Amino acid sequence: MPHPDLFATLRARVLATLESLLPGADTAALARVEVSPTREEAHGDMATNAALVLAREAKRKPAELAAELAAALAAAPEIAAAAPAGPGFVNLRLHPAVLRGEISAILRAGESYGESGLGAGIPVNVEYVSANPTGPMHVGHCRGAVVGDALANLLARAGYAVTKEYYINDAGAQVDALAWAAYWRYLQALDTPLDEAAFDAQVPGGLQYRGDYLIAVGEALLARHGDRLAAPGAMPAGPAHWLATVRAAAVAAMMAAIREDLALLGVDPDVFTSERALVGSGAVDAVIARLGAAGLLYEGVLEPPKGRTPEDWEPRAQTLFRATQFGDDVDRPLRKSDGSNTYFANDIAYHADKLDRGFAHLIDVWGADHGGYVARLKAAVKALAGREGAFEVVLCQIVRVMRAGQPVKMSKRAGTYVTLRDLIDEVGRDAVRFTMLTRKSDAQMEFDLDAVMAQSRENPVFYVQYAHARARSVLRHAEAEWGAAAVAAAALAGADLGSLQSDAEMALIRRLIAWPRTVEAAAAAREPHRIAFFLYDLAADFHMLWNRGREDARMRFLIADRPEETSARLALVAATAIVVRSGLGVLGVTPVEEMR
RNA sequence: GCGCCCUUAGCUCAGUCGGAUAGAGCGACAGCCUUCUAAGCUGUGGGUCGGGGGUUCGAAUCCCUCAGGGCGCGCCA
């Protein structure tokens, strides 16, 4: 059972008071009542907007209502003082003992402090990364991987039953192109007399994926199959002779490499789903039949896009899905003019499959270049699920990689792109993950290699890790001095915390008690970056308190001849370490014990 | 041409379903190490929140409009 959030407790107190003050108040207005932290300590510990949101319906002046509410709230057991303020806020000052009591609660709960019942165990599927298995992961994949992973952790913390999923796009033309490229490396391993230009001319659409990473695949094919994939008479052999074999081997090799890269990043999906397997199972035809039976398909011809007609545009009859009935701008093709299925059809089948597996809610994390695709898939899932909101997309905007003040051109063919592995080798997993989470995902982001690589000391991740290391250091010193029993959470949870009174200590406590509501708000908004900023602020509060001890020996955490104060401060330090560790856990960043 | 995202301090970015005097880091300037890790702390300076209009008790936040940047726009995945 999650520990009740102190803000939720006070909000319940406010609502109960309103019930006696304004019986029968509008429930919609009551839902807008908030109890939130004050921006300035001088305003108190918490503030409520209750009088402001209810004044209109009650036909009362906000300030008057606030005064009445404040008077009534003053009697609540948690509240030391309640005062009307500003246009109609009520500022609440809590008894310090109530605030300090949260420290004990944190110590008893450990890292489960901040877990929430918000999600109510609803099964949620978070699909992210899903890089095409055509080469190593590069920086462009990184943001979605980190954001998706942190979001999954965050939702789990908020009480959802989360499954992390990776969709393998192994059914389209891209993997055939990969197979051709792998086959070229196979021929090279066979010492083919064919030159690259001559081979290129044989490949439908031209030879792609010329990077070195397929050489090993070609050699492995040679080792396993000898020259049996080549044909004596034809050079190269027709694809019917080798395509399926080479494609399977190449995709398997790419997925193995991607899983290694993901592991380096600390990403470990629960489920990998193969598009090819899905198509092979007949799921696509089944979902098309299902939509057809619902009267949502028709044969039709689309209008050309306005203002920018493709040069080779000609009207063609296709099977179209009535996406406009579900909020999209135009109806969308499920079958190409030659009768084969579009990628969209496969994607509908995939999302139908996720719904069929029992997920009540689907979240996809996509790159911004897929932004134009959101409306149609939302329409499709809405049609399938028969309800609104079963599916949402978190879009990650482009990461511009900068080096020496210049954008790095990303080209697979030229080999100038930065691989995920390179990046992690240079700056480390923790810095990559934290940096990717210090921006809203829907804002474009500049990833400055020089700043993160060369000046890594200034990266915010170290600031937060340092706070944790310092807290752990204090606990280690205390343990060395007085034994393990003195720093055990159970013992500290029972400590008399009355000596925690300074402004820096109380500021830290106020920050810590905001952790549960931060988790809930971030989860509800699908914004894991809020956790990174919370941790930064928490670290700042802790570093400030630390330095109080440098300036004034009486403010040090460990004072041998003052055991009560020391225990109280150890409790605060231990609670801080727990919340930092917990937050870093959401982000997938290591809570280091020491910085050396 | 249309759709979606973005525009906040010199730079990179936060800003809690609209809330009180808009914040942080970097950079600049001035200070703090015989003491639990100075990868830290304290102070100073720096903003017509892209422009304009509207909604309201209240707008960086919501709506309209204009400007600028990004992504995308039938049979690619």
Side-chain angles (χ1 to χ4, degrees), chain A residues 32 34 36-40 43 47 49 52 55-56 61-63 85-89 91 132 134 169 171-175 275 301-310 313-316 318 320 329-330 332-333 335-340 342-344 346-347 367-375 395 397-398 400 438-440 442-446 448 451 455-460 462-463 465-467 469-470 473-478 481 514 517-518 521-522 524-525 527 529-530 532-534 536-537 539-540 542-551 553 556-558 573 594-596:
Chain A
R32 291 169 53 216
E34 291 177 0
S36 46
T38 54
R39 180 172 297 177
E40 295 192 30
H43 292 152
N49 62 352
L52 286 165
R56 178 191 297 243
K61 290 182 180 168
F89 290 101
N91 290 334
N132 286 345
T134 54
N169 292 118
Q174 293 304 318
V175 287
E275 181 184 6
V301 178
L302 286 174
E303 295 290 312
K306 291 189 172 56
R308 182 195 154 279
T309 306
W313 176 271
E314 35 184 290
R316 294 186 179 96
Q318 298 175 279
L320 300 174
D329 295 331
V330 292
R332 303 291 182 174
R335 290 205 165 107
K336 306 174 192 176
S337 51
D338 67 2
S340 63
T342 59
Y343 180 79
F344 180 46
N346 289 4
D347 232 359
D369 53 344
H370 290 63
Y373 201 74
V374 173
L395 276 187
Q397 292 293 324
I398 300 298
R400 284 176 69 207
T438 50
R439 274 121 180 87
K440 282 180 301 202
D442 58 2
Q444 287 161 241
M445 156 176 200
E446 214 164 88
D448 188 334
Q455 304 171 26
S456 61
R457 299 163 69 97
E458 291 164 6
N459 192 300
F462 293 98
Y463 186 81
Q465 287 181 314
Y466 189 30
R470 277 180 150 178
S473 168
V474 171
L475 294 168
R476 280 194 302 273
H477 279 274
E481 193 72 21
R517 71 195 311 276
T518 301
E527 292 184 342
H529 77 276
R530 294 193 195 187
F533 283 92
F534 173 86
Y536 193 88
D537 290 340
F542 186 71
H543 286 310
M544 183 174 81
L545 181 57
W546 178 286
N547 277 275
R548 289 295 161 84
R550 297 185 64 84
E551 293 154 9
R556 291 168 63 78
F557 296 117
L558 309 180
V573 170
E594 51 186 351
M595 298 299 285
R596 295 183 201 288

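Only a predicted model underlies this, so the values are computations on that prediction, with no experimental measurement involved. Residue numbers start from 1 in every chain, and the chains themselves are labelled A, B, ... in the order their sequence lines are given, proteins ahead of strands.
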Using a cut-off of 4.0 Å on non-hydrogen atoms, how would the nucleic acid contact of A:L558 be classed: base, sugar-phosphate, or nothing? base
Closest heavy-atom pair, A:P333 versus A:F344, reported as atoms and distance to 0.1 Å, is O-CD2, 3.7 Å
Secondary structure of RNA chain B in dot-bracket form (Watson-Crick or G-U wobble, distances below 3.5 Å, | marking inter-strand pairs): (((((((..((((.....[...)))).(((((.......))))).....(((((..]....))))))))))))....
Contact under 4.0 Å: A:K440 side-chain N or O vs B:C5 OP1/OP2: no
Closest to the A:M544 side chain, choosing from B:U42, B:C36, B:A20: B:U42
Contact class for A:A524 vs. all strands (heavy atom < 4.0 Å): base, sugar-phosphate, or nothing? nothing
Would you indicate what A:T438 reaches in the nucleic acid, counting non-hydrogen atoms under 4.0 angstrom: base, sugar-phosphate, or nothing? sugar-phosphate
OP1, OP2 of B:A38 versus side-chain N and O of A:R470: anything below 4.0 Å? yes
Can you list the residues that meet the side chain to side chain contact (heavy atoms under 4.5 Å, CB included) rule with A:E34, with sequence neighbours excluded? A:S36, A:N49
Give the rounded distance in Å between these two atoms: CG of A:D442 and C1' of B:C13. 13 Å
Take the protein atom CG of A:D537 and the nucleotide atom C1' of B:C13, then report the distance between them rounded to whole Å. 13 Å
Working to the nearest 0.5 Å, report the span between CD of A:Q318 and CG of A:D338. 9.5 Å
Is there a donor N/O on one and an acceptor N/O on the other, under 3.5 Å, for the side chain of A:R556 and the base of B:U35? yes
With nearest nucleotides of RNA chain B determined for A:V301 and A:L395 from heavy-atom distances, which residue corresponds to the more 5′ nucleotide? A:L395
Using the purine O4'-C1'-N9-C4 or pyrimidine O4'-C1'-N1-C2 torsion, is B:C33 syn (within 90° of 0) or anti? syn
Heavy atoms from C-beta onward define the side chain here; which of B:C41, B:U16, B:A14 lies closest to that of A:A521? B:U16
Given B:C36, B:A77, B:A39, the nucleotide with the shortest approach to the side chain of A:Y466: B:A39
Would you mind reporting whether A:Q174 and A:N169 have side-chain heavy atoms less than 4.5 Å apart? no
What is the distance, rounded to the nearest whole Å, between atom CD of A:E527 and atom C1' of B:C6? 14 Å
Heavy atoms only, 4.0 Å cut-off, all strands: where does A:E314 land among base, sugar-phosphate and nothing? base
Output the distance between atom CG (A:D347) and atom OG1 (A:T342), rounded to the nearest 0.5 Å. 9.0 Å
Closest nucleotide among B:C71, B:A14, B:U16 to the A:F533 side chain: B:A14
For residues A:P87 and A:P62, report the shortest heavy-atom separation together with the two atoms involved. O-CB, 3.4 Å
Could you tell me how the ring of A:Y343 sits relative to the ring of A:Y373: parallel (under 30°), tilted (30 to 60°) or perpendicular (over 60°)? tilted
Return the CH2 to CZ distance between A:W546 and A:R556, rounded to the nearest 0.5 Å. 8.5 Å
Contact class for A:S337 (heavy atom, under 4.0 Å): base, sugar-phosphate, or nothing? base
Using whole Å, what does the distance between atom C1' of nucleotide B:C2 and atom CD of A:E303 come to? 14 Å
So A:E594, base contact, sugar-phosphate only, or nothing? Heavy-atom distance under 4.0 Å. base
Can you tell me, in whole Å, how much space there is between the C1' of B:C63 and that of B:U16? 22 Å
Any side-chain N or O of A:H529 below 4.0 angstrom from OP1/OP2 of B:G15? yes
Can you figure out which of B:A20, B:C17, B:G3 approaches the side chain of A:A47 most closely? B:A20
Sequence neighbours left out, what passes side chain to side chain contact (heavy atoms under 4.5 Å, CB included) with A:A47? Give chain and number order. A:T38, A:N91
Show the nearest heavy-atom pair for residues A:A532 and A:T438, with the distance to one decimal. CB-CG2, 4.4 Å
Decide, applying a 5.5 Å centre-distance limit and a 30° plane-angle limit (both strict), whether A:Y463 stacks on B:A39. no
Give me the distance, rounded to whole Å, that separates B:U7 from B:C13 when you measure between the P atoms they each carry. 10 Å
With P as the reference atom in both, quote the distance from B:G43 to B:G23 in angstrom, rounded to an integer. 14 Å
Does the ring of A:H43 meet both stacking tests against the six-membered base ring of B:A20: centre distance under 5.5 Å and plane angle under 30°? yes
Nucleotide nearest A:Y536 (side chain, heavy atoms from C-beta), chosen from B:A24, B:G70, B:A77: B:A24
Looking at the base of B:A77, is there any donor atom on it, or on the side chain of A:D369, that sits under 3.5 Å from an acceptor on the other one? no
Measure from the side-chain N and O atoms of A:H543 to the backbone N and O of A:Y466, and report whether any donor-acceptor pair falls under 3.5 Å. no
Of the listed nucleotides B:A14, B:A20, B:G15, the one nearest the side chain of A:A443: B:A14
Measure CE/A:M445 against C1'/B:C71 and give the value in whole Å, please. 17 Å
B:G46 and B:C32: how far apart are their C1' atoms, nearest whole angstrom? 24 Å
Spacing of the C1' atoms in B:G51 and B:A39 (rounded, Å): 43 Å
Partners of A:E527 by side chain to side chain contact (heavy atoms under 4.5 Å, CB included), sequence neighbours excluded? A:A525, A:H529, A:R530
Which of the following nucleotides, B:A38, B:C17, B:G19, is nearest to the side chain of A:N49? B:G19
Expressed in angstrom and rounded to an integer, what is the separation of A:E551 atom CD from B:G40 atom C1'? 11 Å
Can you tell me the distance, in whole Å, between the CD atom of A:Q397 and the P atom of B:C4? 13 Å
Could you list the protein-to-nucleotides 67-69 of chain B atom pairs, N/O on both sides, closer than 3.5 Å?
from: B:G69; atom 1: N2; to: A:Q444; atom 2: OE1; distance (Å): 3.0

Atom pairs under 3.5 Å: protein N/O with N/O of nucleotides 56-63 of chain B:
from: B:U56; atom 1: O3'; to: A:R56; atom 2: NH2; distance (Å): 3.0
from: B:C57; atom 1: OP1; to: A:R56; atom 2: NH2; distance (Å): 2.9

Under 4.0 Å between a side-chain N or O of A:R550 and OP1 or OP2 of B:G40? no
Students often get this wrong, so: under 4.0 angstrom with heavy atoms, is A:A173 touching a base, only sugar-phosphate, or nothing? sugar-phosphate
Of B:C36, B:A77, B:C6, the nucleotide closest to the side chain of A:Y373 is B:A77
Is the backbone of A:A514 close enough, under 3.5 Å, to the side chain of A:T518 for a donor and an acceptor to pair up by distance? yes
Of B:G40, B:A14, B:A77, the nucleotide closest to the side chain of A:Q174 is B:A77
Would you say A:M445 and A:Q397 make side-chain contact, with heavy atoms under 4.5 Å? no
Rounded to the nearest angstrom, tell me the gap between atom CG in A:N91 and atom C1' in B:G19. 11 Å
Could you measure the distance from the NE2 atom of A:H477 to the CZ atom of A:F557? Nearest 0.5 Å is fine. 12.0 Å
